[in-house]
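Lettering follows sequence order; numbering is per chain, from 1.
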Amino acid sequence: MTETLPPRTADLPAQWNPGEVEAGMYQRWVEAGYFTADVGSDKPPFCIVIPPPNVTGSLHMGHAFEHSLIDILVRRRRMQGYETLWLPGMDHASIAVHALVERALAAEGTSRRELGREAFLERTWEWKAEHGGAILAQMRRLGESLDWTRERFTMDAGLNRAVVTIFKRLHDDGLIYRAERMVNWSPEMRSVLSDIEVEHRDVSGELVSIRYGDGADALVVATTRVETMLGDTAVAVHPDDERYAHLVGREIELPLVGRMIKIVADDHVDPSFGTGAVKVTPAHDPNDFEIGRRHNLPMPTIMDESGVITGTGTEFDGMDRFTARVAVREALAAQGRIVAEKRPYVHNVGHSSRSGEPIEPRLSLQWFVRVGPLAQAAGDAVRDGRVAVHPPELEPRWFGWVDNMHDWCISRQLWWGHRIPVWYGPDGGVVCLGPDDEPPGAGWAQDEDVLDTWFSSGLWPFSTLGWPDTTPDLERFYPTSVLFTGYDILFFWVARMMMFGLYAMDGAPPFHTIALHGMVRDQFGKKMSKSAGNTVDPLEWMDRYGTDALRFALARGANPGTDVPVGEDAVAAARNFGTKLWNATRFALGVGADPRLSLPAAPTDADAWILGRLREVREQTDALLEDYQFAKAVEGLYHFTWDELCDWYLELAKVQLADGATADGTRAVLGHVLDALLRLLHPVTPFLTEALWIALTGGESVVVAPWPVEAGAATDVAATARVAAVQELVTEVRRFRTEQRVPDNRRVAARLVGLDEAGLGGHRAAVASMVRLDAPGEGFAPTATLEVALAAGTVHVELDTSGAIDVAAERARLGRDLTAARKELDQADAKLGNPRFVEKAPAEVVEGIRARRGAAVAGIERVTARLAALPPS
RNA sequence: GGGCGCGUAGCUCAGCGGGAGAGCACUCGGCUUACACCCGAGCGGUCGCAGGUUCGAACCCUGCCGCGCCCACCA
């Protein structure tokens with residue numbers, strides 16, 4: 001009996017053309033309101049803070065990767081009935097925007113300094129307005145289901161209020177202070193950098209040993225930065241160093257400058273390194289600064305903000321630091337004071353991660369965050385389980401960082417960003433103002449410095465929800481569900497958000513889970529970089545293989561916290577998978593498969609098996625996605641679709657469809673399985689599954705279809721075993737055919753003996769269909785017999801290969817089988833012959849080995865008999 | 001110097017205590033009525049090296065070799 005169903009109208013083209021499928025689909029989703037957060041509903045909230053798309057005007061592979069994975073999480077949650085909300089922002093991409101604007105200005109023959117602060121900032125706003133839309137369009141092409149309707153894309157203005165508020169609170173709590181400290185200075189940017197903006201690299205420099213003083217009191221010190229000797233105010237030795245004990249407390253003349261400097265004893269000095277004497281330049285070296293503080297040394301600054309020597313009263317004033325390095329060395333050499341020169345001397349030097357030049361330690365007045373209590377809270381939140389880190393291997397890195405954090409320098413001498421809300425009065429007055437305070441009157445001026453970009457980015461999890469106001473959004477979505485980002489910005493961004501979130505929201509962490517992904521690499525595992533020339537524009541692959549293929553390939557490689565090598569081959573393989581799914585669905589539609597049909601009351605073995613597998617795969621997919629194991633989840637769906645559904649079930653279904661007794665049930669099962677599978681795959685391949693799901697079900701959209709929670713059936717062990725036996729039998733016969741050089745296109749008459757005894761009587765037609773066997777006709781004279789030993793019994797396949805079999809090939813094949821069986825027997829005997837194994841190993845393991853031994857013995861007997869029966873070749 | 005991790009098939013990786021796996025590549029046979037972006041069969045590995053624990057180790061422990069990343073104020 002056939003149920004009557006309303007017709008399905010969607011027509012599926014014969015060929016999957018990603019471009020055509022994607023065209024207009026995203027727009028339709030947006031217009032249907034699928035991505036609009038429904039605040040105020042009683043759905044559970046799922047909120048995710050996302051790093052901003054890069055604003056440099058193009059989509060990077062890294063962004064395509066990260067945003068695809070985030071979109072998978074969000075689409076699944078939406079199907080599960082959550083109210084989903086993204087919190088995107090652009091603020092911390094400001095650096096990129098400003099750099100681009102500066103470049104544009106340079107092309108126009110002007111600069112930001114000529115333009116002035118206000119006009120420059122105006123230009124950056126214009127740039128964002130113009131290019132923000134282009135980025136948005138690219139993210140949409142990627143299929144990202146952002147709730148753009150809430151217009152959080154540009155939020156700089158509202159953010160300023162949050163920045164000022166938290167600055168004042170931290171300031172009033174004594175957690176922000178201003179102090180003269182040794183900082184990392186970038187002469188090129190003429191700004192301070194925080195510790196994590198400094199990259200340490202080995203460079204080839206020089207180590208120059210200089211003699212200070214003359215005669216018996218002379219000392220030799222070594223340095224890699226000779227020019228700093230102009231700012232020396234002491235020479236330090238170790239207190240226990242007997243070589244210099246007599247000199248401590250005396251003074252010595254500083255060459256070139258002529259100033260008298262002290263000789264001090266300090267524990268910091270390593271007596272075994274070099275001469276054991278160290279020159280001390282307190283204003284230009286962190287260690288020397290500490291020594292200077294301990295011994296109350298003068299701290300003259302000898303370099304200006306752009307790295308030019310100044311104020312030494314020597315001929316070196318006005319020279320760039322690198323020019324001076326050579327000049328000072330030559331001057332010292334002329335006086336015969338260079339004792340030794342080691343060149344090249346490889347040593348570790350900090351470089352600016354932004355501009356690339358060596359940073360210059362410099363004594364300067366800056367604003368700092370006292371991170372002690374904040375970092376402690378950030379560590380505790382993970383320690384006591386309020387925040388989970390995925391994968392957990394990255395926890396030590398987190399603790400190592402937050403437990404040893406130095407105070408954070410937050411002031412920057414740049415023109416862009418949020419200005420420090422502190423005003424200085426004419427009589428030395430200092431006042432920190434909140435967002436609603438009136439600036440003080442005449443004579444007061446606001447601090448010229450701006451805040452580190454991570455200061456404001458750290459506020460996102462709550463500033464984007466309306467903080468400092470208590471908004472419905474904030475109450476509903478804070479703490480957010482998960483932060484999903486790359487491990488590379490764990491310290492830059494994640495640590496800031498944790499510290500500020502816990503502080504501003506009274507101990508509530510900004511997110512329940514920190515899930516970290518790796519970096520996209522090329523197909524050989526190499527870092528993608530412009531200089532290596534191995535970067536790929538994701539749009540290029542999207543054009544060539546489709547967005548679904550790119551997303552599938554990226555997700556398929558995404559193991560938690562580890563890097564993802566992706567090459568064009570992987571994307572092509574993903575495209576092939578899409579084609580496979582497309583064709584399978586097309587076949588299903590062609591035979592009338594429909595999920596709206598009732599599942600059969602008496603499913604066949606194949607039906608029961610595939611429904612059982614569907615359930616297992618569905619449960620496994622859920623578990624893996626909950627654990628951010630995208631690669632395994634996607635791999636599982638890939639193999640289920642291709643190796644089980646397409647390679648076996650569809651072939652078995654063809655036979656069932658030809659039989660009136662099983663045809664309707666097959667249509668129902670196939671419809672059900674595909675329906676659930678398309679829904680499971682939708683988060684990964686949204687466009688493709690949308691087209692297929694609508695065609696298959698006649699439904700409105702898979703975007704809003706429920707996530708499958710019931711699909712499939714409990715595993716039918718007996719049916720599954722019979723299907724496995726059929727698979728084994730089919731594979732064996734195919735192997736025999738290939739080895740006997742029977743071309744695939746030739747049908748062969750054959751008789752299957754023992755099928756009923758093995759419990760596979762019902763699968764005669766299926767086996768015959770899958771290995772292209774014809775029923776034996778009259779006068780059937782088999783030329784070959786193949787024995788296949790199955791768990792339930794041995795099946796003899798008698799074949800008429802129409803000619804003598806290839807005895808040599810058969811002998812070789814049987815020989816391989818015999819070798820394998822003997823090896824198996826040897827291994828089993830070795831184990832069973834070991835009394836301690838039999839005694840100690842679990843019973844089921846021992847039993848398993850016994851069974852394998854039995855099978856091996858039977859196999860050897862059978863194969864040996866077959867070999868003996870072969871005619872001489 | 002400290003921390004984390006990796007060395008498994010030609011390439012990229014999964015497996016992490018009981019019969020060595022996947023994708024791509026390669027070989028052979030097939031345009032079989034969903035699919036040649038395909039189907040079928042196959043080749044290919046002393047699981048970095050050396051010890052140890054265990055009845056049993058690619059898997060656990062130790063050492064060594066090679067590689068990567070993060071952190072770190074040694075002139």
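- Between the side chain of A:Asp744 and the base of B:rG29, a donor-acceptor pair under 3.5 Å is found.
- Across B:rA22, B:rA41, B:rA72, the shortest atom-to-atom separation from the side chain of A:His639 is found for B:rA22.
- A cation-pi contact, defined as under 6.0 Å to the ring centre and within 45° of the axis, is absent between A:Arg556 and A:Phe630.
- Using a 4.0 Å heavy-atom distance criterion, A:Glu732 is classed as making no nucleic acid contact.
- Taking atom CZ of residue A:Phe492 and atom P of nucleotide B:rC69, one finds them 16 Å apart after rounding to whole Å.
- Donor-acceptor pairing under 3.5 Å is recorded for the side chains of A:Asp266 and A:His295.
- In this structure, A:Arg556 reaches the sugar-phosphate backbone alone: every heavy-atom distance under 4.0 Å involves primed, P, OP1 or OP2 atoms, never a base.
- No engagement by A:Phe577 is indicated, since no non-hydrogen atom pair under 4.0 Å with the nucleic acid exists.
- If you take NE2 of A:His238 and P of B:rA75, they are 18 Å apart, rounded to a whole angstrom.
- Counting non-hydrogen atoms under 4.0 angstrom, A:Arg586 reaches the backbone sugars and phosphates but no base.
- Comparing B:rA41, B:rC71, B:rA75 by their nearest atom to the side chain of A:Arg734 picks out B:rA41.
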Please tabulate the protein-to-nucleotide N/O contacts below 3.5 Å involving nucleotides 53-56 of chain B, giving atom names and distances.
{"from": "B:rC55", "atom 1": "OP1", "to": "A:Lys840", "atom 2": "NZ", "distance (Å)": "2.1"}
{"from": "B:rC55", "atom 1": "O2'", "to": "A:Asn834", "atom 2": "ND2", "distance (Å)": "2.6"}

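- Within 4.0 Å of A:Phe491, counting heavy atoms only, lie sugar-phosphate atoms of the nucleic acid but no base atom.
- Each of B:rA34, B:rA22, B:rA75 was ranked by its minimum atom distance to the side chain of A:Val278; first place goes to B:rA75.
- No side-chain donor-acceptor contact under 3.5 Å links A:Gln15 and A:Asn17.
- When rounded to the nearest whole Å, the span between CZ of A:Phe552 and P of B:rC37 equals 19 Å.
- The shortest distance between the side-chain N/O atoms of A:Lys632 and the OP1/OP2 oxygens of B:rA22 is not below 4.0 Å.
- If you check every strand for non-hydrogen atoms under 4.0 Å, A:Gln827 touches nothing.
- Comparing A:Asp569 and A:Asp522 by the nucleotide of RNA chain B that holds the closest heavy atom to each, the one mapping nearer the 5' end is A:Asp522.
- Under the Watson-Crick or G-U wobble criterion, with both distances below 3.5 Å, B:rC37 is left unpaired in every strand shown.
- Within the structure, every side-chain polar atom (N or O) of A:Arg741 is placed at least 4.0 Å from both OP1 and OP2 of B:rG29.
- Using Watson-Crick or G-U wobble geometry with both donor-acceptor distances under 3.5 Å, B:rC31 finds no partner in any strand shown.
- Contact between the side-chain N/O atoms of A:Asn576 and the OP1/OP2 oxygens of B:rC38 is found at a separation under 4.0 Å.
- Contacts of A:Asp563 with the nucleic acid, taken as non-hydrogen atoms under 4.0 Å apart, are absent.
- A cation-pi arrangement is found for A:Arg734 relative to A:Trp648, the charged atom lying closer than 6.0 Å to the ring centre and inside a 45° cone about the ring normal.
- A 6.0 Å sphere centred on CZ of A:Arg741 holds no more than 12 heavy atoms belonging to other residues, nucleotides or ligands.
- With a 4.5 Å cut-off on side-chain heavy atoms, A:Leu332 and A:Val226 count as touching.
- Contact annotation for A:Arg852: base contact, defined as any heavy-atom pair under 4.0 Å involving a base atom.
- Taking atom CZ on A:Arg747 and atom C1' on B:rU32, their separation rounds to 8 Å, with Å as the unit.
- The distance between atom CZ of A:Arg201 and atom P of B:rC70, rounded to the nearest whole Å, is 12 Å.
- Atom-to-atom, CG of A:Leu589 to P of B:rA34 comes out at 13 Å; the value is rounded to the nearest Å.
- Taking a pair to require two hydrogen-bonding distances under 3.5 Å in either a Watson-Crick or a G-U wobble arrangement, B:rC55 pairs with B:rG18.
- When both distances must be under 3.5 Å, the Watson-Crick or G-U wobble mate of B:rC26 is B:rG42.
- Nucleotide B:rG63 forms a pair with B:rC49, judged by Watson-Crick or G-U wobble geometry with both contacts under 3.5 Å.
- For B:rC37, the OP1/OP2 oxygens have no side-chain nitrogen or oxygen of A:Asn583 closer than 4.0 Å.
- Using a 4.0 Å heavy-atom cutoff across all strands shown, A:Thr579 reaches at least one base atom of the nucleic acid.
- Proximity of the aromatic rings of A:His517 and A:Tyr487 is defined here by a centroid distance below 6.0 angstrom, and this criterion is not met.
- The phosphate of B:rA34 (OP1 or OP2) has a side-chain N or O of A:Lys654 nearer than 4.0 angstrom.
- A:Glu197 and A:Ser194 form a side-chain donor-acceptor contact under 3.5 Å, judged by distance and modelled atom types alone.
- Put simply, the side chain of A:Arg397 and the base of B:rC70 share no donor and acceptor less than 3.5 Å apart.
- As the counterpart of B:rG1, B:rC71 is assigned, both hydrogen-bonding distances of the Watson-Crick or G-U wobble pattern falling under 3.5 Å.
- If you check every strand for non-hydrogen atoms under 4.0 Å, A:Thr562 touches nothing.
- Between the side chains of A:Lys342 and A:Ser209, not a single donor N or O lies within less than 3.5 Å of an accepting N or O.
- Within 4.0 Å (heavy atoms only), A:Asp270 reaches at least one base atom of the nucleic acid.
- When the C1' atom of B:rC71 is taken as reference, atom CG of A:Leu394 falls 13 Å away, rounded to whole Å.
- A:Asp232 and A:Tyr212 are linked by a side-chain donor-acceptor pair at a separation below 3.5 angstrom, with hydrogens and angles left out of the test.
- No engagement by A:Ile849 is indicated, since no non-hydrogen atom pair under 4.0 Å with the nucleic acid exists.
- Cation-pi geometry between A:Lys654 and A:Phe587 is satisfied (NZ or CZ under 6.0 Å from the ring centre, within 45° of the ring normal).
- Contact check, A:Trp642 against B:rC39: a side-chain N or O comes under 4.0 Å of OP1 or OP2.
- At whole-Å resolution of the value, CE in A:Met770 and P in B:rG40 are 11 Å apart.
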